[in-house]
Amino acid sequence: MNQLNILPPEPFNEETFDQIQQELVQRINLQNSFNKEDIRLVAGVDLAYWEEEGRTRAVCCICVVDYTTHEIVETKSLQDEIKVPYIAGYLSFRELPLILDTFNQLENDPDLVMFDGNGYLHPRHMGIATHASFYLNKPTIGIAKSYLRIQDTDYEMPASESGAFTDIVIDGEIYGRALRTQQQVKPIFVSCGNGIDIDTSTEVTLALINKESRLPIPVRQADLETKKHRAARR
DNA sequence: GCGACAG
DNA sequence: ATCTTGTCGC
């Protein structure tokens, strides 16, 4: 039902996708729409896929974590068939319908949402974290495990200590950061989703890191949950 | 034809 | 994202 609001009429192609995003990109807010002291619950979102009877299915898991104690407050999962193909640069159209339906199942109201993928660090500043924010009406952060090269711009490797980062600057603008969350472990790519600035995005991400992973706890937890559900699917 | 390509 | 063997490390 949410898909009717997020997806353009078929057939799906880059032109119709672009038309929707060009409207939203003008509304991006790269400043905090909240007070840092008020952050209590942070949600992490991830999906896992598989093939079933020639169809692509996926499960979306959202984990809500207490920002200060890191306790897992809630986990919700929902699965469905995925009909939108993956097109690099248009990930949000493929994953948002299921994400929005899953989000509506939450009993808690997170203050912030973290995504597995980019936000502002995107050729059109419309990575999934940014795009999703307009439907969730929540500040969002993009967390990508690999680098999406934009305009032939490579990133500078940050120093090997945890907390070290390098800005990814294109045309004098900070698109995102390569952030080292664990010493001697490859960096992750953090960017603003919407309603948050890059320094706060970095700060929140680092505050949710533990020894178990280079990914912040909400996203890591959602990733684990998603694979658990796929293994037990049916 | 070849390389790129978040998830 | 998923597939997939071995291998190194706690």
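The structure presented is a predicted model; accordingly, all values stated were derived computationally and were not measured. Here is the naming used below: chain letters follow the sequence lines, and residue numbers restart at 1 for every chain.
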Residues [X] and [Y]: side-chain donor-acceptor under 3.5 angstrom:
| X | Y | result |
| --- | --- | --- |
| A/Thr56 | A/Glu81 | no |
| A/Tyr147 | A/Asp154 | no |
| A/Thr16 | A/Asn13 | yes |

Please classify the nucleic acid contact of A/Ala48 as base, sugar-phosphate, or nothing, using heavy-atom distances under 4.0 Å. sugar-phosphate
Under 4.0 Å protein heavy-atom contacts per nucleotide of nucleotides 2-7 of chain B, with B for base, S for backbone only and - for none: ---SBB
Are the ring centres of A/Tyr155 and A/Phe189 closer than 6.0 Å? yes
Expressed in angstrom and rounded to an integer, what is the separation of A/Leu224 atom CG from C/dA1 atom P? 12 Å
C/dC3 P sits how many Å from A/Trp50 CH2, rounded? 11 Å
Decide, yes or no, whether a salt bridge links [X] with [Y] under the criterion of side-chain N to carboxylate O below 4.0 Å.
| X | Y | value |
| --- | --- | --- |
| A/Glu52 | A/Arg55 | no |
| A/Asp199 | A/Arg177 | yes |
| A/Lys83 | A/Glu10 | no |

Counting a pair only when it is Watson-Crick or G-U and both distances are under 3.5 Å, which runs of at least 3 such pairs involve DNA chain C? none
With respect to A/Ile174, which candidate in A/Asp167, A/Leu121, A/Ile168, A/Asp197 satisfies the side-chain contact (heavy atoms from CB on, under 4.5 Å) definition? A/Asp167
